[in-house]
2 protein chains.
Amino acid sequence: MKLPWALECQLQRDAGLSFIEYHALARLSEDPAHTLRMSELAMLTNASLSRLSHLVKRLESRGLVRREVDPEDGRFTNAILTKAGYKLLVASAPGHVTRVRSLVMDEFSAAELRQVRQLADRLLTRIDASD
Amino acid sequence: MKLPWALECQLQRDAGLSFIEYHALARLSEDPAHTLRMSELAMLTNASLSRLSHLVKRLESRGLVRREVDPEDGRFTNAILTKAGYKLLVASAPGHVTRVRSLVMDEFSAAELRQVRQLADRLLTRIDASD
DNA sequence: GCGCGTGACTTGACAATTCAAGTGAGACTC
DNA sequence: GAGTCTCACTTGAATTGTCAAGTCACGCGC
């Protein structure tokens, strides 16, 4: 409960972004076209479609993202990272990464990190299987 | 991110309580007098005082908790678990415990659980130290 | 015993989230 | 080709959380 909160604080203070906003931008930036379907982005950020819709609307009003109906199939909506959104992400990523390092990576050895990851993966698998 | 959410769902569905509401009731029930200061309860539930104040007001309006000014010192407010609150907690605890077991405890061996705990403690210590 | 500061809440306005309906595009059926 | 289904969102209202003031009780110095 405390780790996400600690990261929230850092991001809010230094970049004016919430954790989920940051990750939405980050996920978009990882796509070659800086573009993802709303539903896919919702999956990737663990958000409901409704939550993402509101969130993207806010990001859009701040000029960080824009939306376009998929020209191939009018049922889909694409969220697209704008230049400004990309710039903000690039500007705020180092601070965020530093914070993650200092809170998590630096505490554990490489072997311990592998352990953490393995344990967490098992937990995640179990949770996902339990719906 | 997913574990708290999975627990939320179970509690909301089976007991009509959010995770934090459940834990507030649980913490109160652990005290011999079923009573805690607002500030102490806020600490124990990792909530801000403001959040707890709103939350307890809602619980109070549902008759699960009541508030009394500390007779010893008028600056403190005590939150007190009511009979109804205790009954609800007792009724919903087994389902919650079962869920926690099936998602977490059952996945890991005793030795692994000790490891998880040790790793998590180190993480928590580091986070708490970083304010 | 009168101000003054501090600490423990409480409150109200605002922002974010959820929930339940609504919309609208394509697929499928006949 | 008209009707129906499903899926991918979108929207609006109600709930919940946060932030910035406010309130109110006690302790302390003078």
Side-chain angles (χ1 to χ4, degrees), chain A residues 1-2 4-13 15-25 27-28 35-62 64-80, chain B residues 1-2 4-13 15-25 27-28 35-62 64-80:
Chain A
M1 317 286 304
K2 287 192 175 181
W5 186 78
L7 297 177
E8 283 272 358
C9 287
Q10 181 272 320
L11 278 171
Q12 197 64 59
R13 184 165 46 83
L17 292 170
S18 70
F19 193 68
I20 192 174
E21 286 170 339
Y22 176 88
H23 276 286
L25 298 182
R27 291 297 191 171
L28 285 172
T35 297
L36 288 172
R37 287 183 181 161
M38 292 294 283
S39 45
E40 200 171 353
L41 190 53
M43 284 290 219
L44 293 171
T45 55
N46 291 316
S48 68
L49 207 41
S50 170
R51 181 181 180 184
L52 189 73
S53 181
H54 287 299
L55 186 144
V56 168
K57 195 194 300 179
R58 290 191 297 265
L59 291 177
E60 199 170 24
S61 77
R62 292 165 65 183
L64 304 175
V65 156
R66 68 196 152 80
R67 275 185 287 193
E68 278 176 14
V69 173
D70 187 328
E72 311 274 298
D73 185 337
R75 288 170 298 183
F76 298 113
T77 305
N78 290 317
I80 306 164
Chain B
M1 318 288 304
K2 286 191 175 182
W5 186 78
L7 296 177
E8 282 272 359
C9 286
Q10 181 271 319
L11 279 171
Q12 197 65 58
R13 184 166 46 82
L17 292 169
S18 71
F19 193 66
I20 192 173
E21 288 170 339
Y22 176 89
H23 276 288
L25 299 182
R27 291 297 193 170
L28 285 173
T35 298
L36 287 172
R37 286 184 182 161
M38 292 294 282
S39 45
E40 199 171 354
L41 190 52
M43 285 290 219
L44 292 170
T45 55
N46 291 319
S48 68
L49 208 42
S50 169
R51 180 179 180 187
L52 188 73
S53 181
H54 286 302
L55 187 145
V56 167
K57 196 195 298 181
R58 291 192 294 266
L59 291 178
E60 198 170 23
S61 78
R62 292 165 65 183
L64 304 175
V65 156
R66 70 196 152 80
R67 274 186 288 194
E68 279 176 12
V69 173
D70 188 328
E72 311 274 299
D73 185 336
R75 286 170 298 183
F76 298 114
T77 305
N78 289 316
I80 305 165

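Numbered from 1 within each chain, the chains take letters A, B, ... in sequence-line order.
Counting all heavy atoms, side chain and backbone alike, B:R58 lies closest to B:S61 at O-OG, 2.8 Å.
Here D:dC24 presents its P atom at 17 Å from CE of B:M38, a figure rounded to the nearest Å. Taking atom CG on A:D73 and atom C1' on D:dC7, their separation rounds to 10 Å, with Å as the unit. Summarising the geometry, the separation between NZ on B:K57 and C1' on D:dT16 is reported as 12 Å, rounded to the nearest angstrom. Between A:N46 atom CG and C:dT18 atom C1' the separation is 16 Å, expressed in whole Å. Atom P of nucleotide D:dT16 and atom CG of B:L17 are separated by 11 Å, given to the nearest angstrom. The separation between B:L11 atom CG and D:dT16 atom P is 14 Å, rounded to whole Å. A:L49 places its CG atom 17 Å from the P atom of C:dT23, with the value rounded to the nearest Å. What separates CD of B:E21 from C1' of D:dG17 is a distance of 12 Å, to the nearest Å.
Across all strands, A:R58 comes closer than 4.0 Å to base atoms (heavy-atom distances). Note on B:T77: only backbone sugar-phosphate atoms sit closer than 4.0 angstrom, heavy atoms only; bases stay farther off. A:S39 comes within contact range of the sugar-phosphate backbone alone, with a heavy-atom separation under 4.0 Å but no base atom that close.
Counting heavy atoms from C-beta on, the side chains of A:E72 and A:N78 never come closer than 4.5 Å. The shortest distance between side-chain heavy atoms of B:S50 and B:H54 falls below 4.5 Å. Here the side chains of B:E21 and B:V65 are not in contact, with every heavy-atom distance at 4.5 Å or above. Side chains of A:M38 and A:R67 form a contact here, defined as non-hydrogen atoms less than 4.5 Å apart.
A donor and an acceptor atom sit less than 3.5 Å apart, one in the side chain of A:S50 and one in the base of C:dC19. Within 3.5 Å, a donor on the side chain of A:H54 pairs with an acceptor on the base of C:dT18, or the reverse. The base of D:dC9 does not come close enough to the side chain of A:S53 for any donor and acceptor atom to sit less than 3.5 Å apart.
Residues A:D70 and A:S18 each lie close to DNA chain C; by heavy-atom proximity, the contact nearer the 5' end of the strand is made by A:S18.
An OP1 or OP2 oxygen of C:dG26 is reached within less than 4.0 angstrom by no side-chain nitrogen or oxygen of A:R75. A sub-4.0 Å separation between OP1 or OP2 of C:dC19 and a side-chain N or O of A:R51 is absent.
Taking every side-chain heavy atom of B:F76 into account, C:dA8 is the closest of D:dC9, C:dT10, C:dA8.
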